[in-house]
Amino acid sequence: MPQDLEKAYDPGAIEDRWAAYWVNERLFEVPSPESVPERDPFTILLPPPNVTGRLHMGHMLNQTEMDILTRWHRMCGDTTLWLPGTDHAGIATQMMVERQLAGEGKKRQDVGREAFIERVWQWKEHYGGAILGQMKRLGASVDWSREYFTMDENLSVAVREAFVRLYEQGLIYRGKYIVNWDPIQQTAVSDLEVTHEERAGKLYHIRYPLADGSGSIVIATTRPETMLGDTAVAVNPDDARYLAFHGKLLRLPLSGVNGGAEREIPIVTDSWANPEFGTGAVKVTPAHDPNDFAIGVRHNLPQLSIMDEAARIELPGSPYHGLDRYAAREKIVEDLRALDLLVDVKDHAMAIGLSQRSGAVVEPRLSTQWFVKIQPLADKAIAAVEQGHIKFTPEQYAKTYFEWMRNIHDWCISRQLWWGHRIPAWHCEACGQITVSRADKPASCAECGSAAIHQDTDVLDTWFSSGLLPCSVFGWPKHTRDLDIFYPTSLLVTGFDILFFWVARMIMLGCHFMLEMPMANGDKRTLKDAVPFREVYIHALVRDADRQKMSKTKGNVIDPIEIVEKYGTDAVRFTLAAMASPGTDIAFSEARTEGYRAFANKIWNAARFIFMNEERAALGGVEVSRNTLIDSFGPDENAPIEARWIVSRLNHTAADVNEALSEYRFHEAANLVYQFFWGDFCDWYLEIVKLRLDFTENADKRAAKAALTTLLATFEAALRMLSPFMPFITEELWHALYNGNPPAKSIALSRYPQPFDEALDLAVESEMATLQDLIVNIRAARKELEVPERESVPVRVRTTHDNSFGDALLIIQRLARVSTLDPVENIEGSGIRSTPAFDVQVVYERTVDVAAERERLTKELAQFEKEQANAQRQLANEGFLAKAPAHIVDGIRKRAAELVILIEKTRRSLDQLG
RNA sequence: GGGCGCAUAACUCAGCGGUAGAGUGCCACCUUCACACGGUGGAAGUCGUAGGUUCGAAUCCUGCUGCGCCCA
């Protein structure tokens with residue numbers, strides 16, 4: 001006996017149970033296969049969430065899309081692996097623990113590096129990885145047995161190997177460069193970790209006197225405080241105003257320390273100086289500005305650092321020593337004004353760099369860092385996409401990717417943090433040389449053999465380790481069977497915000513390292529198989545209902561878990577899927593989710609109806625064996641119209657859904673399933689099938705059983721079709737349908753409906769469409785005559801072909817509440833509805849509201865006439881007839897012929913109204 | 001400054017060369033024995049603007065207006 005279901009669907013009552021079931025039964029685990037499977041597996045990596053993070057809508061969209069695809073592939077019979085893990089997130093995690101320490105009044109330096117790292121691990125055990133727990137609750141069908149953390153031993157080995165190899169290949173170097181310095185975190189950050197913001201600033205015009213006293217030059221700057229580090233002033237070589245100044249020396253104001261002499265700096269010519277900007281003369285501070293740094297290199301200028309790691313002036317003996325950069329700015333401007341050297345101050349909007357993590361204004365700083373020489377890696381990464389080995393959806397992102405890749409800068413990979421993969425380089429105290437080693441600690445300096453060596457204190461950028469994941473999670477640098485089977489992964493689903501951070505770097509590192517690894521059969525690997533994934537699907541942003549970006553400061557952040565608890569996971573997933581049109585941001589609206597909760601309830605109640613009828617059938621001695629469900633599928637040609645129709649529609653929908661999913665058109669797939677389930681199945685098929693489910697004494701039990709069988713089989717298949725989108729409710733109902741004894745442990749392990757061509761029946765679909773049209777027209781006519789809902793009325797109908805409705809009679813009577821259906825040759829009077837296929841009239845004593853009827857008919861007539869005019873214009877156009885495709889011309893001809901009849905009928909109806 | 005998008009029904013969005021679509025909302029009627037998280041019927045759009053290409057443009061091209069994103 002099918003289970004008793006509650007009257008309304010309550011997601012909360014079943015979701016936790018199934019979420020736990022899927023994890024506990026280890027349904028989605030994929031052990032390393034014994035051998036390479038014949039068909040390519042479907043492999044997908046979860047973009048590892050930050051270990052400090054909590055689930056937001058972006059994650060949920062990302063995971064919903066991945067889960068739909070993963071479940072779909074799995075149900076299509078592919079070996080399907082979705083691999084989860086977490087990112088150690090250097091700065092973010094270190095900040096969490098530093099905050100914790102601050103609560104105890106301590107700094108990380110107080111506890112020391114080793115103890116600090118120990119605390120980070122403790123923190124991670126207690127609070128880390130919340131997102132993965134939330135994913136379990138949301139039913140993500142990942143392989144939990146393969147869960148990784150980027151600081152795991154095996155992944156750390158891979159990181160070290162990658163570093164050493166790149167170093168040995170000459171692709172990692174250490175050098176003194178200007179980097180983006182975060183003065184709060186006191187570490188370098190990469191270009192990508194800096195966001196630019198427009199701020200109101202000032203442009204200061206400052207006079208620098210010539211050393212020989214013969215005059216002066218006025219420079220313009222937004223950062224007067226850095227003048228203490230100036231080592232030149234630059235003018236454009238073509239700037240006529242300054243020709244006389246070329247090569248002269250200036251006396252740098254305020255540069256005398258302890259009353260000493262002021263420094264002298266040269267005027268250099270450099271085309272970077274823009275004559276249009278400010279005064280056309282710029283100060284050059286090589287140690288505190290990236291552009292000035294470049295000028296400095298071109299002109300061989302000294303690099304004078306004047307700030308410490310906290311962005312305070314560091315000039316012992318000077319009155320500015322120890323001042324914060326902004327305090328120093330004020331004092332310097334004041335002093336310049338006192339010396340009458342401040343010529344002008346103008347308002348000036350400028351873009352400043354902010355550290356993404358701490359929010360600090362980034363200070364360009366000269367320091368020694370580790371870099372990856374990126375061009376050789378970028379070349380391969382560009383080629384991989386150019387040659388089509390990686391496909392982007394939407395395609396336009398390939399453009400963005402090329403744009404960035406072709407203007408790439410060397411990658412600063414060192415971070416002055418404690419939490420992360422420590423750089424495997426040792427400095428020799430004896431000879432000063434560097435030893436780079438795979439070993440935990442090399443015994444001695446590779447250069448001079450001295451044992452006095454110490455490891456570099458920096459750690460690697462977190463993205464350096466996550467960039468290796470597609471290889472390292474499968475065992476790289478070892479040549480494993482997992483790598484043979486699962487690499488390259490099939491697809492990457494992610495947001496555009498990490499296109500450069502992560503996607504591009506995975507492509508660069510994957511192509512670089514995997515080219516060195518032979519194929520499973522020993523052949524040399526080419527770029528085609530060195531890529532980390534074959535396709536990239538990039539989704540858009542989830543915004544709030546007013547299309548505003550969600551942000552904590554605005555307070556418009558929608559917590560997915562809250563929404564899930566309110567409406568159910570399936571409804572939220574369906575909302576995201578139905579709105580996930582490639583390339584378009586999603587304005588998440590609860591109203592929409594409400595609608596999809598109703599959809600879940602609709603399905604639930606369809607199941608109740610079906611189960612109820614099964615019970616009635618059983619009382620009448622009719623039972624449908626579950627074993628025959630799949631075989632009995634496909635009604636014979638004598639089956640009633642609705643049976644042949646619903647099966648055709650199911651196959652039609654399955655074909656379209658499969659195609660939509662293969663092209664990542666989630667919204668289309670979701671809408672197709674929705675329309676089939678609610679529109680075709682519930683609104684029409686269920687209503688009609690009620691007529692057949694008669695299990696009383698004298699009924700035709702064979703026909704009733706056949707109807708019940710088709711009903712069950714269609715519903716079962718529809719559940720499977722919906723399952724990737726709504727895994728919870730479909731799992732529950734599928735088990736219920738099989739009385740708790742299903743053919744597989746989960747609907748997720750059953751097969752996805754595939755279209756059978758034999759089941760497609762366009763003739764019956766068209767026949768049914770006419771029938772639906774007829775019913776809708778009768779219903780509309782009834783409304784107009786204000787026939788009470790319950791009352792059955794006689795109807796007259798004239799059709800163009802045969803006048804025997806046969807099978808359809810009963811359906812019309814039931815669905816349109818018709819008492820008798822009289823076929824007539826001619827219809828006269830009022831209340832007539834016409835289509836090209838039929839005219840129909842509801843016979844009801846109430847006279848029509850003449851005015852309303854006239855309005856409706858007049859409006860309709862105008863519509864027809866407008867359409868007819870259009871059609872005639874086209875058909876009179878020789879260009880159209882000559883150039884338009886035949887099926888379009890035929891379509892218009894046919895429609896024009898219909899319109900003639902419709903217009904005539906409508907006119908006659910209007911006449912008869914008087 | 002360079003690059004990339006978007007403007008379609010009250011709202012949120014599909015459609016992207018061949019007669020304007022969906023969900024929600026709105027109006028009216030219906031507590032019909034699966035479902036009021038329901039049923040039935042209905043109203044609602046000169047597809048931002050001005051040109052161009054085409055037999056034909058919401059759909060392709062150009063200018064304009066207004067938003068948005070990325071990179072300097």
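So you know, we letter chains A, B, ... as the sequences are listed, proteins then strands, and number each from 1.
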| message | Can you confirm whether the side chains of Trp684(A) and Glu642(A) place a donor and an acceptor under 3.5 Å from each other? | response | no
| message | Categorize Leu686(A) for me: base, sugar-phosphate, or nothing, with a 4.0 angstrom heavy-atom threshold over every strand shown. | response | base
| Test: Lys690(A) and Glu687(A) ion pair at under 4.0 Å | yes
| task | Compare the minimum distances between each of U24(B), G39(B), G41(B) and the side chain of Tyr674(A), then state the nucleotide with the smallest one. | result | U24(B)
| Is the ring centre of Phe500(A) less than 6.0 Å from the ring centre of Tyr401(A)? | no
| field | Under-4.0 Å side-chain N/O to phosphate OP1/OP2 contact, Arg592(A) with U24(B) | value | no
Can you give the donor-acceptor pairs under 3.5 Å from side chains of residues 659-668 of chain A to other protein atoms, not counting sequence neighbours?
{"residue": "Ser662(A)", "atom": "OG", "partner": "Glu659(A)", "partner atom": "O", "Å": "2.7"}
{"residue": "Glu663(A)", "atom": "OE1", "partner": "Arg665(A)", "partner atom": "NH1", "Å": "2.0"}
{"residue": "Tyr664(A)", "atom": "OH", "partner": "Glu535(A)", "partner atom": "OE1", "Å": "2.8"}
{"residue": "Arg665(A)", "atom": "NE", "partner": "Glu668(A)", "partner atom": "OE1", "Å": "2.7"}
{"residue": "Arg665(A)", "atom": "NH2", "partner": "Glu668(A)", "partner atom": "OE2", "Å": "3.0"}

| said: Assess whether a salt bridge exists between Glu860(A) and Lys905(A), defined as any Lys/Arg side-chain N lying under 4.0 Å from an Asp/Glu carboxylate O. | reply: no
| task | Examine G39(B): is either OP1 or OP2 under 4.0 Å from a nitrogen or oxygen in the side chain of Trp678(A)? Give yes or no. | result | yes
| remark: The correct set of residues in residues 860-873 of chain A placing a heavy atom under 4.0 Å from RNA chain B is Glu867(A)
| query | Ring centroid separation for Phe574(A) and Tyr596(A), is it under 6.0 angstrom? | reply | yes
| Start at the 5' end of RNA chain B and walk down; is the nucleotide closest to Glu687(A) or to Met579(A) reached first? | Met579(A)
| field | Stems formed with participation of RNA chain B [Watson-Crick or G-U wobble, under 3.5 Å, three or more pairs] | value | B:1-7 with B:65-71, B:10-13 with B:21-24, B:26-30 with B:38-42, B:48-52 with B:60-64
| request: Between A14(B), A34(B), U40(B), spot the one nearest the side chain of Cys682(A), thanks. | output: A34(B)
| task | Using the side chain to side chain donor-acceptor pair (under 3.5 Å) rule, take Glu590(A) and Tyr567(A) through it: C-alpha gap first, then chi angles, then the decisive distance, then the call. | result | CA-CA 9 Å; Glu590(A) 270 194 53; Tyr567(A) 299 102; 2.6 Å; yes
| task | Select from Arg616(A) and Lys399(A) the residue whose nearest nucleotide in RNA chain B is closer to the 5' end of that strand. | result | Lys399(A)
| So what does Asn877(A) hit on the nucleic acid, given a heavy-atom distance under 4.0 Å: a base, only sugar-phosphate, or nothing? | sugar-phosphate
| query | Side chain of Phe880(A): nearest nucleotide among G18(B), G41(B), G23(B)? | reply | G18(B)
| request: Using atom types as modelled and distance alone, determine if a side-chain donor or acceptor of Arg782(A) lies under 3.5 Å from a backbone N or O of Arg817(A). | output: yes
